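The structure appears below as structure tokens.
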Number of protein chains: 2
Amino acid sequence: MKLLDISEVARRSGVKASALRYYEDKGLIASVGRRGIRRLFEPVVLQRLALIRLGQAGGFSLDELAAMLPPDDAPTIDRDALLAKADDLDQTIRRLSAMRDALRHAAACPAPSHFECATFQRYLKVAAKGGLPAAVPPLQA
Amino acid sequence: MKLLDISEVARRSGVKASALRYYEDKGLIASVGRRGIRRLFEPVVLQRLALIRLGQAGGFSLDELAAMLPPDDAPTIDRDALLAKADDLDQTIRRLSAMRDALRHAAACPAPSHFECATFQRYLKVAAKGGLPAAVPPLQA
DNA sequence: TCTTGACCTCAAGTTGACTTGAACTGGCAG
DNA sequence: CTGCCAGTTCAAGTCAACTTGAGGTCAAGA
């Protein structure tokens with residue numbers, strides 16, 4: 001299995017070298033050695049990075065991800081935490097769906113103020129339901 | 001219509017007074033005057049704040065919200081922007097759904113490494129589809 | 001009238017996730 | 001052997017969205 005240097009990992013993962021170093025610092029990924037002063041990574045790090053990106057998109061912080069993806073492969077994940085996060089996502093999804101519907105409606109509805117539109121209000125109500133539990137962060141392109 | 005002072009708005013909206021001042025600074029909300037040195041708000045600001053909270057949960061930044069909720073009421077929203085955001089949300093929702101399914105699966109699956117599990121891989125593939133467009137930020141409780 | 005305490009302003013601090021800059025290193029082409 | 005330059009370290013900067021702190025104001029109650 002041939003090893004990758006940081007620029008290769010960056011190129012293939014779309015994650016900048018500076019971010020990769022940052023991730024290593026945080027314990028999210030590990031390099032397997034150095035050639036001289038330069039880090040070397042196993043190709044499997046690409047999968048880890050994909051998971052990390054996904055996790056971020058799902059609203060996990062890097063710290064959370066570090067916690068649920070321990071150094072070794074085979075993410076020895078805390079099942080309860082996973083299920084809890086899945087439930088969170090359910091909430092979020094329901095809310096975002098209502099948001100989306102509200103947006104589409106707002107784009108089409110002729111009401112002078114959307115606050116006066118029962119349909120809009122109804123979407124908002126659904127969207128706001130449950131006190132707005134957890135959401136997800138804007139991905140830097 | 002009786003006016004509200006900042007603490008009343010904070011109490012009824014769940015948004016801290018410091019955040020309300022910050023929002024006013026940013027032009028997201030407006031006070032209608034002062035009693036002495038103290039801001040006074042019209043009750044309608046509560047609806048605006050609800051929209052803002054919702055928008056944030058939907059992944060809009062405060063600047064975006066300021067742009068689509070102009071000072072006057074009756075959000076004169078840019079319909080194309082709304083529809084575009086709705087499409088974004090569709091993407092996000094699809095991705096989050098796959099994430100959630102992957103999480104539930106990971107919590108149940110006995111495979112030694114999830115990378116070796118076809119089901120998990122499949123979810124990830126769906127979740128990653130489309131280059132991860134837009135996501136939503138963690139709500140501060 | 002005087003005191004109080006909620007509110008005010010403005011600057012600086014905080015957190016997460018990185019990026020950037022300066023100064024250094026070392027494998028490899030020539 | 002020598003330079004080049006991608007890579008390295010470490011500290012500091014950035015951005016969004018607020019929060020916190022210091023010091024000032026003023027309407028209302030005693």
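These figures come from a predicted structure and were not determined experimentally. Naming convention: chains lettered A, B, ... in sequence-line order (proteins, then strands); numbering from 1 in each chain. Hydrogens, waters and symmetry mates play no part in the numbers below; they use all other heavy atoms, side chains included.
- Toward the 5′ end of DNA chain C lies the nearest nucleotide of B:L40, the other residue of the pair A:Y22 and B:L40 mapping further downstream.
- With A:F41 as reference, A:V9 is the one residue of A:L49, A:L46, A:L3, A:V9 to meet the side-chain contact (heavy atoms from CB on, under 4.5 Å) rule.
- Residues satisfying the side-chain hydrogen bond (donor to acceptor under 3.5 Å, both in side chains) test with A:S18, not counting sequence neighbours, are none.
- Not one side-chain nitrogen or oxygen of A:Y23 sits closer than 4.0 Å to the OP1 or OP2 atom of C:dA17.
- Scored by the side-chain hydrogen bond (donor to acceptor under 3.5 Å, both in side chains) test, A:D90 finds B:R100, B:R104 as partners (sequence neighbours excluded).
- In this structure B:D101 satisfies the side-chain hydrogen bond (donor to acceptor under 3.5 Å, both in side chains) test with no other residue, sequence neighbours excluded.
- Sorted by first then second residue, the salt bridge (Lys or Arg N to Asp or Glu O under 4.0 Å) pairs that include residues 12-22 of chain A, not counting sequence neighbours, are A:E8-A:R12.
- Close to C:dT9, at under 4.0 Å from its OP1 or OP2, lies a side-chain N or O of B:R34.
- With D:dT20, C:dA17, D:dG7 as the choices, the nucleotide that has an atom nearest any side-chain atom of B:S18 turns out to be D:dT20.
- Between B:S61 and B:R21, the one whose closest nucleotide on DNA chain D sits nearer the 5' end is B:S61.
- When distances run from any side-chain atom of B:R39 to the nucleotides C:dC8, C:dC18, D:dA17, the shortest one goes to C:dC8.
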Under 3.5 Å, N/O pairs linking protein and nucleotides 1-6 of chain C:
from: C:dA6; atom 1: N3; to: B:R38; atom 2: NH2; distance (Å): 2.6

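- Distances shorter than 4.0 Å separate some side-chain N or O of A:K16 from OP1 or OP2 on C:dT20.
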Pull out every protein N or O sitting under 3.5 Å from an N or O of nucleotides 28-30 of chain D, one pair per line with the distance.
none

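- The side-chain contact (heavy atoms from CB on, under 4.5 Å) search around B:A66 returns B:L28, not counting sequence neighbours.
- Counting only residues at least two apart or in different chains, side chain to side chain donor-acceptor pair (under 3.5 Å) contacts with residues 31-40 of chain B comprise B:E24-B:S31, B:E24-B:R39.
- The side-chain hydrogen bond (donor to acceptor under 3.5 Å, both in side chains) test applied to A:S61 returns no partner, not counting sequence neighbours.
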